[in-house]
Structure formats: structure tokens, C-alpha cells
Colleague: 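Before I ask anything, here is the structure I am working with.
A, B, ... follow the sequence lines: proteins, then strands. Residue 1 opens every chain.
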Number of protein chains: 2
Amino acid sequence: MNEQNYPEFTGLELSPRKADYLKLILEKKGTVKTTEISSCLQVDPSTTTKTLSELATAGYLNHVPYRGVDLTEMGKAYAEFLVRRHRILSLLFTHYGLSTEEACAEVSRFETFVSRDAVNKICNSMGHPMIGVCGEISHEKCFHEGHYH
Amino acid sequence: MNEQNYPEFTGLELSPRKADYLKLILEKKGTVKTTEISSCLQVDPSTTTKTLSELATAGYLNHVPYRGVDLTEMGKAYAEFLVRRHRILSLLFTHYGLSTEEACAEVSRFETFVSRDAVNKICNSMGHPMIGVCGEISHEKCFHEGHYH
DNA sequence: GAGTTTTTTTGGCATTACCCCAAATTAGTC
DNA sequence: GACTAATTTGGGGTAATGCCAAAAAAACTC
């Protein structure tokens with residue numbers, strides 16, 4: 001029910017932008033409409049449509065044309081990993097003199113290129129912290145929130 | 001004579017591949033030939049030529065056609081930053097359960113997206129370590145070597 | 001429930017970062 | 001001065017990302 005069921009993935013399979021879409025859809029919960037995604041990510045609806053169908057083809061989403069998308073089981077597990085990765089890395093950076101906002105912004109730029117393996121090792125090494133520094137990803141608002149390891 | 005003279009740069013101005021070229025040229029010292037770069041980076045010489053002229057246009061290199069390239073003062077300062085960034089980040093990751101090689105490889109994938117500001121903060125926070133874990137970047141060999149902060 | 005409005009999708013096109021190949025050009029050597 | 005090896009030019013190609021205009025579907029309105 002979580003990423004343990006998909007031990008195949010490396011964490012590097014999605015492009016930065018596709019990861020943004022997945023994280024946003026997880027955050028919104030349930031079925032999400034094209035327009036909503038477009039306005040959050042600030043892109044043309046046609047861009048959103050195209051990206052969503054690629055994510056659906058790759059098995060992360062169920063896409064009912066004209067209706068919206070929701071995460072597949074795999075998509076949910078993957079999106080949860082993406083969120084965990086963001087939070088672990090952000091937390092890490094706040095231990096080195098970056099503010100929550102700085103860490104969040106910094107990590108958002110590179111997180112897509114950090115492997116699941118590395119994240120797991122860092123997570124272990126930090127003792128599976130339950131408290132992250134950043135609840136929202138790749139957009140703007142950052143707040144304190146509990147999380148899982 | 002080091003990056004202190006170019007306080008304008010953010011560390012995000014070069015694409016990943018361009019950063020590879022710059023780091024390689026710094027490492028090779030002096031004038032470097034197209035063929036040498038091509039074989040190190042495993043790309044067609046024509047690709048190298050094109051990239052070099054872009055880096056020259058941007059002010060990082062002096063390019064004498066058919067002769068080779070060498071770093072401008074700015075290019076040298078920038079390349080030194082690139083190396084320092086790689087080493088600081090690699091060192092950081094080895095503190096979280098990654099081996100030298102793993103850290104090196106991991107960092108190579110995302111370092112281009114970490115700002116100079118963040119690197120400086122991390123560097124401060126770590127007390128300006130003189131010993132890095134990785135001397136070579138974005139290629140393969142990693143070895144222990146002292147370095148500057 | 002038919003017409004209008006809004007949302008979504010399609011198709012076409014553009015940019016940036018990479019990359020290769022073949023042909024032309026230049027440098028270095030005998 | 002001619003040959004060979006290195007380099008550059010010109011022409012293309014892909015993947016990721018994005019926009020616009022037009023078509024299609026769904027929603028709303030009266």
C-alpha cells in the first residue's frame with residue numbers, strides 16, 4: 001500500500017515537471033480537474049491535458065477524458081515517495097543554515113534527481129524523523145506538519 | 001582571483017552538461033583540445049565544438065578555433081565554484097550513510113541545481129572543511145584529496 | 001431541452017538542452 | 001607542397017516543456 005510494494009522504482013523515473021503534477025494530484029485528493037491543475041501549476045490547460053495523458057499512459061493516473069484524473073495505486077505510492085523525498089531533503093538542508101523557505105525552494109529545484117536509495121539512506125541515518133519542515137512542495141507555502149518515514 | 005570577485009553569480013547559470021565541460025577544462029589545466037574533451041565526456045567532437053563556442057560566447061572560455069580553449073578568469077572562478085560545490089555536497093551526503101562513490105554519483109546528478117548561496121551556507125555550517133571525499137567530478141574516479149573552502 | 005458558455009482536448013508549432021553524421025576546413029608533418 | 005589528423009560547419013534528431021487556435025464535450029440557463 002506504500003512504496004514497499006513497488007521496489008522496482010529508483011525515484012528517477014519522472015521528469016521534474018511530471019513529479020510536480022503527481023505531487024499536486026496527491027495533495028488535492030480524489031478526482032482532480034484539468035483547470036485546477038493548470039491554475040496551480042500556472043500552465044495552459046492544453047499543456048496539462050498532454051502531461052496528464054502521458055502520466056496516465058505510464059500508469060500513474062487514471063484519466064477519464066473531460067472528467068479529470070485520480071492516482072492509481074502505483075501513482076499514489078509514487079507520489080507519497082515524492083513528498084517524503086522533498087520533506088527529508090528539506091529537513092536535511094535546514095540543519096545546515098538554510099531557513100525552512102530556503103531549504104524548500106532549494107530542494108524543489110533538484111529533488112527529482114535524488115534517488116530513492118539515497119533518500120532511504122538519509123532517512124535511516126536521521127532516525128526516520130516524523131516532523132518535516134515543509135508540507136507543500138514545488139510551489140510556495142511551507143509549513144510545519146508531521147509526516148511518516 | 002576566486003569567486004569572491006564575481007558576486008553576481010548564483011551558481012545556477014550553467015546547464016548540467018556545460019558545467020561538466022567547465023570542470024573538465026579546469027581539471028586539465030592550460031589549453032585543452034577538442035578531442036580530449038570529447039573523449040573524456042564521450043561525445044562527438046562536433047558536439048564539443050558547439051558547446052565550447054557557447055561557453056566562450058558566455059565569457060567562460062577563450063576559444064581559438066582549431067587550437068583549443070582555456071578558461072577566462074571568470075571561467076576559472078566559476079569552475080572552482082563548481083568543484084567546491086561538488087565536494088561540499090558529496091561530503092555532506094557521506095555523513096548520511098552514503099559511501100564516497102554513492103555520494104559522488106548522487107551529487108553529480110543534481111549539483112547543477114544547488115545555488116551558490118546554499119553551498120556557502122552549508123560550507124559555513126560545516127566549518128569550511130578542508131578535506132573533501134571526491135576529487136573528480138561527473139565522471140568516475142573518486143579519491144581523497146584536500147581542498148579549499 | 002435547446003442554446004449558450006465553460007472546460008477540455010487536439011493539432012500545430014516553438015524553445016532549450018542535448019546529441020550525431022557527413023562534408024568542408026585547417027593544422028601539423030614529411 | 002601534399003597528406004593526415006583534428007576541428008568546425010551545416011543539417012538533422014529527440015525529449016521536455018510550453019503556448020495558441022480550433023474543435024469537441026460537458027454544464028448551465030431559461
Colleague: Using whole Å, report how far CZ of A/Phe113 lies from C1' of D/dA16.
Modeller: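 My rounded result for the distance is 11 Å.
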
Colleague: Atom pairs under 3.5 Å, N or O on each side, protein against nucleotides 1-3 of chain C: can you list them with distances?
Modeller:
none

Colleague: Can you tell me if B/Arg67 touches the phosphate of C/dG28, counting only side-chain N or O atoms and a distance under 4.0 Å to OP1 or OP2?
Modeller: yes

Colleague: Restricting to non-hydrogen atoms, name the atom on A/Cys104 and the atom on A/Ser90 that form the minimum distance, rounded to 0.1 Å.
Modeller: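 Smallest heavy-atom distance, with atoms named: CA-OG, 3.8 Å.
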
Colleague: Return the orientation label for the A/Phe93 and A/Phe110 ring planes: parallel under 30°, perpendicular over 60°, tilted otherwise.
Modeller: tilted

Colleague: How many Å lie between CG on A/Leu52 and C1' on D/dA16, as a whole number?
Modeller: 15 Å

Colleague: Send over the distance from A/Tyr66 OH to D/dA27 C1', rounded to a whole Å.
Modeller: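 From A/Tyr66 OH to D/dA27 C1': 14 Å.
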
Colleague: OP1 or OP2 of D/dT8 less than 4.0 angstrom from a side-chain nitrogen or oxygen of B/Thr34, does that happen here?
Modeller: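 Answer yes for this pair, as a side-chain N or O of B/Thr34 is under 4.0 Å from OP1 or OP2.
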
Colleague: Using atom names, set out every protein N or O paired with an N or O of nucleotides 17-20 of chain C below 3.5 Å, distance rounded to 0.1 Å.
Modeller:
{"from": "C/dC18", "atom 1": "OP1", "to": "B/Ser15", "atom 2": "OG", "distance (Å)": "3.0"}
{"from": "C/dC18", "atom 1": "OP1", "to": "B/Pro16", "atom 2": "N", "distance (Å)": "3.2"}
{"from": "C/dC18", "atom 1": "OP1", "to": "B/Arg17", "atom 2": "N", "distance (Å)": "2.9"}
{"from": "C/dC18", "atom 1": "OP2", "to": "B/Ser15", "atom 2": "OG", "distance (Å)": "2.3"}
{"from": "C/dC19", "atom 1": "OP1", "to": "B/Arg17", "atom 2": "NE", "distance (Å)": "2.8"}
{"from": "C/dC19", "atom 1": "OP1", "to": "B/Arg17", "atom 2": "NH2", "distance (Å)": "3.4"}
{"from": "C/dC19", "atom 1": "OP2", "to": "B/Arg17", "atom 2": "NE", "distance (Å)": "3.4"}
{"from": "C/dC20", "atom 1": "OP2", "to": "B/Asp44", "atom 2": "N", "distance (Å)": "2.7"}
{"from": "C/dC20", "atom 1": "OP2", "to": "B/Thr47", "atom 2": "OG1", "distance (Å)": "3.1"}
{"from": "C/dC20", "atom 1": "N4", "to": "B/Lys50", "atom 2": "NZ", "distance (Å)": "3.4"}

Colleague: Less than 4.0 Å between a side-chain N and a carboxylate O, is that true for B/Glu54 and B/Lys50?
Modeller: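 No, no charged N to carboxylate O under 4.0 Å.
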
Colleague: About how many Å separate CG of B/Leu22 and CG of B/Leu71, when rounded to the nearest 0.5 Å?
Modeller: 5.5 Å

Colleague: How long is the straight-line distance from CZ of A/Arg85 back to OG of A/Ser115, given to the nearest 0.5 Å?
Modeller: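 The OG atom of A/Ser115 sits 8.5 Å away from the CZ atom of A/Arg85.
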
Colleague: Is the closest side-chain donor-acceptor distance between B/Asn62 and B/Arg67 under 3.5 Å?
Modeller: no

Colleague: Is B/Lys23 salt-bridged to B/Glu111, cutoff N-O under 4.0 Å?
Modeller: yes

Colleague: Take atom CG of A/Leu14 and atom C1' of D/dA16, then tell me their distance rounded to the nearest Å.
Modeller: 13 Å

Colleague: So does A/Lys121 pair up with B/Glu102, basic N to acidic O under 4.0 Å?
Modeller: yes

